[in-house]
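Scroll down for the structure; my scribbles are underneath it.
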Amino acid sequence: MIDLAFIAERYNYWIFIVLMMIGVYIVISRGNLVKKIVGLNIFQTSVFIYYISIGKVAGGTAPILPAAYESGHEGKGARASAAHGESAPAPGAASGESLHAAPQSAPEALPANDLASAVAQTPQGAGPSGEAGLHAAPGEAANPLLAPPDGAGDAASALGEAAHKAAEIVYSNPLPHVLILTAIVVGVATTAVGLALAVRIREAYGTIEEDELEAADDIAEFGAAFGEKAEGARA
Amino acid sequence: MNLMAQLPVLPVVIPFVAGALALLLPKGRAPWAWATFVSWLSFLASALLLREVAATGPVSYHLGDWPPPWGIEYRIDLANAIVLALVSGIAAAVAPFAYESVRAEIDERQSPYFYAAFLICVSGLLGVTATGDAFNIFVFLEISSLSTYALVAMGGRQDRRALTAAFTYLVMGTLGATFFVIGVGLLYHATGTLNLADLHLKLAGQHNRVVEAGFAFILVGIGLKLAMFPMHLWLPNAYAYAPSAVSAFLAATATKVAVYVLVRFFYSVFGLDFAFLGDALTYVLLPLGVAGMFVASLIAVFQHDVKRMLAYSSVGQIGYMLLGLSFGTREGLAAALIHLVNHGLMKGALFLAVACVVYRLGDHRCAAFSGLARRMPVTTWAFVLSGLSLIGVPGTVGFVSKWYLLEASFAAGHAWAAFMIVASSLIAVLYVGRVVELMLLREPPEQGPLSEPVKEAPLSMLIPMWALVAANLYFGLRTEFTAGFAEQAAAALMTVSGGR
Amino acid sequence: MGEFSPALIVLLGGLLAPLVRGGLLRNVFMLALPALAGAQLFAFGLGEYGNYELFGHTLTLTRIDGLSRMFATVFLIAIALNVVYAWHVRDRLQQSAALIYPGSALGAVLAGDLVTLFVFWELAAITSVFLIWASRNRRAFYAGMRYLVWQIASGVLLLAGVVFYYRATGSLEFGHFLDSGLSLTHPALLCIFLAFGIKSAFPLLHNWVQDSYPESTVTGTIVLSIFTTKMAVASLARGFAGVEALVYIGAAMTAFPIFFAVIENDLRRVLTYSLNNQVGFMVVGVGVGTPLALNGAASYAFCNILFEGLLFMAMGAVLYRTGTIKGSELGGLYKTMPWTTFFCLIGAASISAFPLFSGFVTKGLIISGAAKEHYFWVWLTLLFAAAGVFHHSGIKIPYFAFFAHDSGKRPKEAPLHMLIAMGVSAALCVGIGVAQLFTGPAGDPLYALMPFEVKIEDAHSPYIAYTAPHILVQLQILFFSGLAFAVLQKTGLYPPELKSTNLDSDWFYRVPGRALLSWTAGATRALWRLSWRLFTGRVERAMERIYAVHGPEGRLARTWPVGSMALWTAVVLGAALALAFIA
Amino acid sequence: MISPELALPLSLAFPLVGFVAIWLLDKRPNWREAATLATAVVLLALAIVVFQAVGAGARPAYVLFEVVSGLPIAFEAEPLGAMFGLVASGLWLVNSLYSIGYMRGHGEKHQTRFYMCFAIAIAAAMGVAYAANLFTLFIFYEVLTLSTYPLVTHKGDAKARHGGRVYLGVLMATSIGLLLPAIAWTYAIAGSTDFAPGGLLSAHAEAARPVLGLLLALYAFGVGKAALMPVHPWLPNAMVAPTPVSAFLHAVAVVKAGVFSILKIVVYVFGVDFLHETGASAPFVWIAGGSILLASAIAMHKDNLKARLAYSTVSQLSYVTLGAMLAVSAGVMGGALQIAAHALGKMTLFMCAGAIMVAAHKEKVSELRGLGRTMPITFVCFFIGAVSIVGVPPLAGSWPKFFLMLGAADAGQIAMIGVLMLSSLLNVVYLLSIPAVAFLKPAKGADAPLEKEWYAGPLYDGRNALPRDPVKEAPPFCLIPIILTATGAIVLFFFSGALYDYLLPLTETGR
């Protein structure tokens, strides 16, 4: 049964997937080199959209460094967290030493993360878990990834209400955007190089159609286009 | 500032900065001298780093003093220290060699650009190796790739096919890099971190589609970059038509770095606790590796063009590394790492020998090699020795690789794989033997442009080439720097990944 | 000279002989060798000499006992006679081989252990072939090759037997094999028995004699006729005395060659059949195995060497003078070769065991030995064979060569040195034959040499040759045999002397055997070639197929279409995704 | 006096010194040849030092360095290796002498390259002889293959190229394709590749047993130099080489390195007792036996002299393999003796073939008629060599056969005794007929009636000899080595007892 709402909620991922397919399809199917580069760009763009999508986190907050870290790292720590940001709220429930450490040891110290733990308890969070990572609703982007924290049950239920509220807060993680800016630079550079090459190829061959290029190369090498002269060449 | 403290970043930063500076240098000898100097410097730094890592264990460097996992970390353990040394070492050998070769093959006006691209490429490859940050890997991968496209395209003056090869490479490389970046994005999605070590910790116990998809994308993305068998099609042309020195450098380093990235992601990031990793090893790497070993080697046998032949051989040799990886054992991993280094050495030497021939005869088709022993004996013997190394004759690095691969096969209980390896080596005997026979036993061509009398290649080319040949022989007999380190590195990686 | 073996004296002398310059000097040197060896032999006396260590065993080079001394003595006499007979020969190859080969045979007879025996056994084989090849013609070449195969076969059989024997008993001693507790059917004894059998020309293993001996030179045939078979008899007597099978084998040997001898035209070949028949007597003696029979066998061998040699010498002289030895081309030679005729007749008389000749004294011992052990049919066969011997050797040889229809040939008398050799042989034949008349049975010098002590218990002892019954029986046999010959000859029923090739069992290896060998070898090679061609063909076809796909124009080597690469990438991605999701 | 420990690495290093010297003396042939000979003499002296030390019970060892952990390049002389070293170096000296005569007599080109490759080849052969583990053995085995490749293709024409291709192809394919995995497998099982008295694998019997047959097959066919059928085709194809090379290949270095390796592997890697007890080697006894007969059958049909000798070599080598595979001490002893005996015999034959080529330019058996009269010494030596191969006393070839038969009896392989006997007879037919033809048949072009009846017949007594062609022997440099090895074949017959005692430790470790 198709859950239309489920699909509709994830429209941005569908755009990403469709664009990606279109891009790859163009690369595969078009013989014209410039068209290939166009396809490549579409493909890359789809990835940008994906990154931007995952930058939007429901229930997340700007990372605030825990005291323990702060004491050790002073200002640096704060800067660091700002740089890398807080994407999905604390999936690392199991890894105590990380910044995203689950709060089971000291829930009251990290309210933000408590929220995350609480979210993990919600039925929606548990539902799609394990079967639709890519299709996760934006609001629950992180949820399917969460294993229910073992020891945090009590604290979570105590804070259940707050968690529900917090889940509706949409937080924009800047890091993916930063990443994607870098990727865009790379993409533009690639496109430029590709187009420049296309120009040079046209100068050298007089065409930018793939079939013709291959035929030209084969004729230069074997005296015939591919497949026409498999017999003669062996002798 | 203590220079030694900055050591981990130096091999990357020096060529990067120097590459930019090279653009400003006048045409002619200066850019070359600069590039040579810089590549040596970077090699020195890598070597020191290797020594330090070997002595004291992994070194971590925090870029801009931001501690991981927030900041970008350069984390050098034995595995990447070896690769760093290999890449910078090959660069150090190719750079002095390049002067004559490049002068002959590339418009002199382009020389600053050439060396700039070369240095940036070196920097990119070293960066991929040194960094401990997933997205940083992508960035450096693209830096090196972009400069590589340009370098390959510079072969267009000799042969217009270089242009199309560069274009193909560009499309495929971009595709691969984009897949990789999607994979990284998925992992980030799942964990919220980009630091490799941190990723490993956060991924532990996560069995869901996001991670699985991320794994698949990374596998395919890197697979493209390292020319895994059915995705290798960009490689032969790119290596065949690039300027000779570029071919030598790329063949010895680019795919190796990609293999290293694969190793890093498999063992340092995912780890053998993930069932899909085991499956990927068994059902993707193993068959594709074996297929590559045979198909590419067989294609190499029939090539008329020695550079293309060597390029196909590279694809086959990558099959060995994948096979080694696919065992999922410490021995297999060690064998893959050893072959990674050793193959760099032998392919580098072989391509340099071809470059010498191209320098004198302007051709890299088989016909040019006919009777070469009479015309260019020093080059011929360099080719023969490194060819033997490629085959895996004892006393050469190729043998050490083969030995470890065989041992790994037996240790993993895949006795059949051992026979696959040796069977594929025998195909190597065919394609190497074909050229060797041409060189040693045939007469030089009697007419046509190739028949003109030629001298031996200049010393500036012979010395680097023979340095690599000597490395082939030295590391074939003394293996503590290659096999010894690789075994330790493999042991460390396996500890992290939870394998045995 | 320490413990230097007499055999080695002859052997090494033979090696050195070609180096001696000048024909006369060389002949003298050669003649000195058997004398020297004889001196050494008798200086030794009975006992074991020349022990040496090999492979952890003590081996004996020279063992002199009654048996070996008897054979060694006659071997040395024969060597000397041969040297005299071949005085005119200037062919180094023949001369050398005519010493080394007898030296080896001497060594085999004296050998104290199986390894030494094997060494000399093979050495005799390999050196004797030169005497066949010495006539340097096509027939000799092929006959020599066949001969060599037979001889080496005997050698390797012996080796195999020795190996088995060593494994079964842990000993390399050359004594009576049955004493070791093994039966004759044990592979060890079977192999050795066969090896001895080949060399002593058992029936069906015999034809190498007829095949090769007549191809040798005038002098070579004589040398050959003496040593190989007698060496084998000596070995049989040592190792297989009393083996009953030998009695029947020997009986068969005495009988069947007679038919071949009768129809054979080449007189030297007739003598080789006679040789078979004579060895048969000895084999019977060995098979009976009593001291009497063994004494008979040994002494018969002793005498046989002399008279058989004499006959061969006479035929050799005929051949030497006329250039042919075919019965159909000879006849009437007595006119110009009276001495040769005379000596030949003495030889014929001896071989036919006429009283007063050596055969008479010794053959009786064997026949009596058989009779005493109640081998009735064997005894009868021996009598028949004795008659047959008279028939072909006693009558046919001299008759066709010297008498019969006159061929018109008027050759010169044999050269002096040949006459001397023949004369000495003849004298010995007669001397041995009549010695008993002068010395009495007990004092017969031949009896002193015999391996077993001669005991003359009563007046019927077979050792007393000249008794009325013995003489009477013998003369009757001879008479009827002569009568039969005369009748057949007169009625024209006697097979004419035709130039024909008589089929013997050697046909089986000369024609189909050879064809089989060459067919087998050819088939093997063809099979190998076929499989090789199939293999290379397969490889070639496989290569073609591989080329079609992987070659520069092959599908897999196609690099251009970017689209297909991308497609492949997508496929791999799909596969990887599916795999990761399933896992 | 050099200590035997030092002599081991020196006997590897010295040929390399010679190699350089030969190279430097490229333009001065006399000095170059002097360098070769001097190297050979020194090498022989070194081999004698080692031989004596081993005979006195010492086991000199020398570890060069460790290539991979657990895999050192190491040398240790034991009786078999010391004997092989002595045979190889001694015959190299002889062969060097001969090469001088042949190469000059035949006017060959690229002589410097020839001698250089020879020097490396002998170094490799010494390495094989003294190797202390499989790994070292393999290294030098490969070096030997590669260094003899230029020798095989010396002529450089299409035929030589084809021969060289088969030579290299088969040897590389078997060594890399089968031997290398076998060694690696052994290492995987035993954790070492050292030759151990009593057998390396027998100490790991449990792990080794399931794959024993397979491993043995890998070794038996992997050591392609042992030319066990069907991996023999390299050997006849290597016949395109100049004759000294053939002599060297087929008598000393290459083939002997092969069978030596087989023997050593059986004794020191598997362990005679272990093989005997498991019976894993029984099929190979049959393969070796088949190889003996098949190769003989093929040899009978070969008219080309060298090709016939080559197939004879295939057959004779299988004697050693047979001896090893019998897995009893007498078989091992027979194989070991056969190495020395066959080396002398076959070397003589090949050098004779070369002498015939130099002096008379004849290559085919059918062309040799009458040549015995003009080249008596050569053909007498040929005869001696052939008789030794047949295995007839008083020539060296007879003892190996004795021990092989003993071994076959011990192992219960009675059929193999038959094979050995039959093989001797076949050898008679195809080897001994050669000198017989040369001596007995008159040269072609003699008078027609004589052509039919050849020489005079039974009346020939030396006085009525036909006028003969003047003696025209090969140059003395060719002739002397031939005489030396032929004499050696005789001398070895008498010293086989001593050699037996010398080799006794080899079998004692097995039992």
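Per chain, numbering begins at 1; letters A, B, ... match sequence-line order.
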| Around atom OH of C/Y52, are there more than 12 heavy atoms of other residues, nucleotides or ligands at under 6.0 Å? |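 Yes - once you tally the heavy atoms of other residues, nucleotides and ligands closer than 6.0 Å, there are more than 12.
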| Does a sphere of radius 6.0 Å around CZ in B/R365 hold more than 12 heavy atoms from other residues, nucleotides or ligands, not counting ones at 6.0 Å or beyond? |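 Incorrect, the count does not exceed 12.
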Does a side-chain heavy-atom distance below 4.5 Å link [X] with [Y]?
| X | Y | value |
| --- | --- | --- |
| B/F276 | C/L579 | no |
| C/V572 | B/P230 | yes |
| C/Y547 | B/L298 | no |

| query | With only heavy atoms counted, which part of B/F179 is less than 4.5 Å from chain C, the side chain, the backbone, both or neither? | reply |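 For B/F179, side-chain heavy atoms alone lie under 4.5 Å from chain C.
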Please name the pair of heavy atoms, one in [X] and one in [Y], separated by the smallest distance, quoted to 0.1 Å.
| X | Y | value |
| --- | --- | --- |
| C/F581 | B/E212 | CD2-OE1, 3.1 Å |
| C/M543 | B/L430 | CE-CD1, 4.4 Å |
| C/A576 | B/L219 | CB-CD2, 4.0 Å |

| said: For chain C, which candidate among B/L175, B/V171, B/V284, B/V295 shows the most heavy-atom pairs at distances under 4.5 Å? | reply: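 Ranked by heavy-atom pairs under 4.5 Å with chain C, first place is B/V295.
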| query | Could you state the interatomic distance from CD1 (C/I546) to CD1 (B/I299), rounded to the nearest 0.5 Å? | reply |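 If we round to the nearest 0.5 Å, C/I546:CD1 and B/I299:CD1 are 11.0 Å apart.
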| query | Which value, rounded to the nearest 0.5 Å, describes the distance between C/L567 atom CG and B/M231 atom CE? | reply |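 Going from the CG atom of C/L567 to the CE atom of B/M231 covers 12.5 Å.
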| Set of side-chain hydrogen bond (donor to acceptor under 3.5 Å, both in side chains) partners for B/S314, sequence neighbours left out |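 Scan of B/S314 (side-chain hydrogen bond (donor to acceptor under 3.5 Å, both in side chains), adjacent residues dropped) gives B/K347.
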| query | What pairs with B/Y267 under side-chain hydrogen bond (donor to acceptor under 3.5 Å, both in side chains), at least two apart in sequence or on another chain? | reply |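 Applying side-chain hydrogen bond (donor to acceptor under 3.5 Å, both in side chains) to B/Y267 gives none.
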